[in-house]
Amino acid sequence: TGRIKKMRLILLRHGKTAGNLDGRYIGRTDEPLCPDGIQALKLKSYPQAAAVYCSPLLRCRETAALLYPGHPVEAVADFRECDFGIFEGKNYEELKENRDYQRWLDSGGRLAFPHGEGRAAFSSRVAKAFDRLASEWRGNEPPSAALVVHGGTIMAILERFAVPHRDFYAWQVKNGEAYTAELCWTEEGRAVLKRVERWEDMQK
């Protein structure tokens with residue numbers, strides 16, 4: 001058609017769980033939202049979307065159901081959070097004397113979690129899943145889509161696809177917060193995310 005192909009994307013982190021309240025590493029653990037997390041989501045306004053996708057984990061499915069009631073939601077298996085291995089379910093106080101944890105901190109978070117997933121493998125898994133979705137959308141794109149996922153999932157997507165490029169940890173986002181972006185495709189068909197902004201900043 002010759003037109004510029006683009007769509008609005010919302011990248012939204014799920015609401016708080018009990019583990020989040022305690023600062024725990026919650027990856028593969030399938031926790032529900034906690035009462036405080038549910039209440040915080042109900043108090044905020046979120047952008048609407050024509051299509052909604054989520055991680056298969058309960059905290060994301062519950063968040064999507066709260067924010068997009070009655071809307072069909074498609075779970076994307078590879079949008080699940082990183083597997084934190086032996087650190088799963090623990091917080092800093094419980095791990096600070098652990099040598100493996102200290103090595104992981106000293107690596108800037110680049111070492112693989114013992115008996116878990118490495119950041120490179122995790123980011124690659126998430127990026128491939130996003131690329132598959134973007135390929136489905138291209139040429140038949142909905143006007144907007146929301147991804148209700150995990151903080152790490154959002155960071156991996158934005159590190160790989162956002163322009164200009166920023167490092168993984170530059171994209172941290174709190175529970176119940178979101179980024180909006182414009183998804184475009186290059187002439188070669190590569191997906192890129194432009195005009196990335198925090199939804200909260202846009203509401204001020």
Side-chain angles (χ1 to χ4, degrees), residues 8-49 52-69 73 76 79-84 87-96 101 104-105 108-109 113 117 119 122-123 126-127 130 144-162 164-182 193 195-204:
R8 187 186 196 215
L9 191 68
I10 301 120
L11 299 157
L12 200 155
R13 186 181 176 191
H14 63 80
K16 287 183 180 179
T17 69
N20 294 145
L21 291 178
D22 290 338
R24 299 185 182 281
Y25 288 92
I26 304 298
R28 66 179 183 272
T29 305
D30 206 10
E31 284 193 337
L33 298 176
C34 66
D36 285 354
I38 292 170
Q39 185 63 21
L41 290 173
K42 289 179 175 179
L43 290 174
K44 290 178 69 175
S45 169
Y46 290 93
Q48 291 306 298
V52 182
Y53 301 81
C54 72
S55 156
L57 294 179
L58 182 59
R59 53 196 183 269
C60 294
R61 290 188 283 115
E62 288 184 339
T63 300
L66 272 171
L67 301 186
Y68 301 99
V73 179
V76 179
F79 280 166
R80 68 191 182 278
E81 180 61 285
C82 188
D83 181 345
F84 296 120
F87 304 156
E88 182 76 28
K90 297 181 172 63
N91 60 22
Y92 175 77
E93 283 301 314
E94 295 164 345
L95 289 167
K96 62 184 180 183
Y101 184 63
W104 179 78
L105 288 178
F113 295 101
E117 203 168 10
R119 197 178 100 199
F122 164 70
S123 292
V126 170
F130 182 79
S144 58
L147 307 184
V148 183
V149 291
H150 308 273
T153 307
I154 292 171
M155 291 153 72
I157 290 171
L158 291 176
E159 181 186 39
R160 181 69 63 92
F161 296 96
H165 176 266
R166 293 171 68 196
D167 186 65
F168 184 82
Y169 289 107
W171 298 110
Q172 292 185 67
V173 58
K174 295 178 181 177
N175 293 100
E177 292 188 352
Y179 286 102
T180 63
E182 189 178 88
L193 294 172
R195 298 183 177 88
V196 181
E197 297 181 86
R198 284 188 181 270
W199 172 249
E200 289 70 26
D201 292 342
M202 296 168 66
Q203 304 309 296
K204 292 176 183 175

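By convention here, the first residue in the shown sequence is residue 1. All values below were derived from every heavy atom in this structure, side-chain atoms included, with hydrogens, water molecules and symmetry-related copies excluded.
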Can you confirm whether [X] sits close enough to [Y] that some side-chain heavy atom of one is under 4.5 Å from a side-chain heavy atom of the other?
X	Y	answer
V148	Y68	yes
V196	W171	yes
L57	H14	no
I157	Y179	no
W104	L95	no

Which of E81, H150, R61 passes side chain to side chain donor-acceptor pair (under 3.5 Å) with S55? Answer is H150
Going from [atom1] on [X] to [atom2] on [Y], what distance comes out if it is rounded to the nearest 0.5 angstrom?
X	Y	atom1	atom2	result
F122	F168	CZ	CZ	5.5 Å
F87	I26	CZ	CD1	14.0 Å
L147	R13	CG	CZ	15.5 Å

For E62, the side chain to side chain contact (heavy atoms under 4.5 Å, CB included) test, sequence neighbours excluded, returns P32, L33, L58
N/O donor-acceptor pair under 3.5 Å between Q172 side chain and Y169 backbone | yes
Ignoring hydrogens and geometry, is there a side-chain-to-backbone donor-acceptor pair from N91 to G23 under 3.5 Å? no
Test salt bridge (charged side-chain N to carboxylate O under 4.0 Å, His left out) applied to [X] - qualifying residues, sequence neighbours left out:
X	value
R8	none
R80	D78
E182	K6, R195

| task | State whether F130 and R160 meet the cation-pi test: NZ (Lys) or CZ (Arg) under 6.0 Å from the six-membered ring centroid, and within 45° of the perpendicular axis. | result | no
Residues passing the side chain to side chain donor-acceptor pair (under 3.5 Å) test with T180, sequence neighbours excluded, are none
So the salt bridge (Lys or Arg N to Asp or Glu O under 4.0 Å) pairs with at least one residue in residues 31-49 (sequence neighbours excluded) are K44-E200
Does any donor atom in the side chain of T29 or E88 lie under 3.5 Å from an acceptor atom in the other side chain? yes
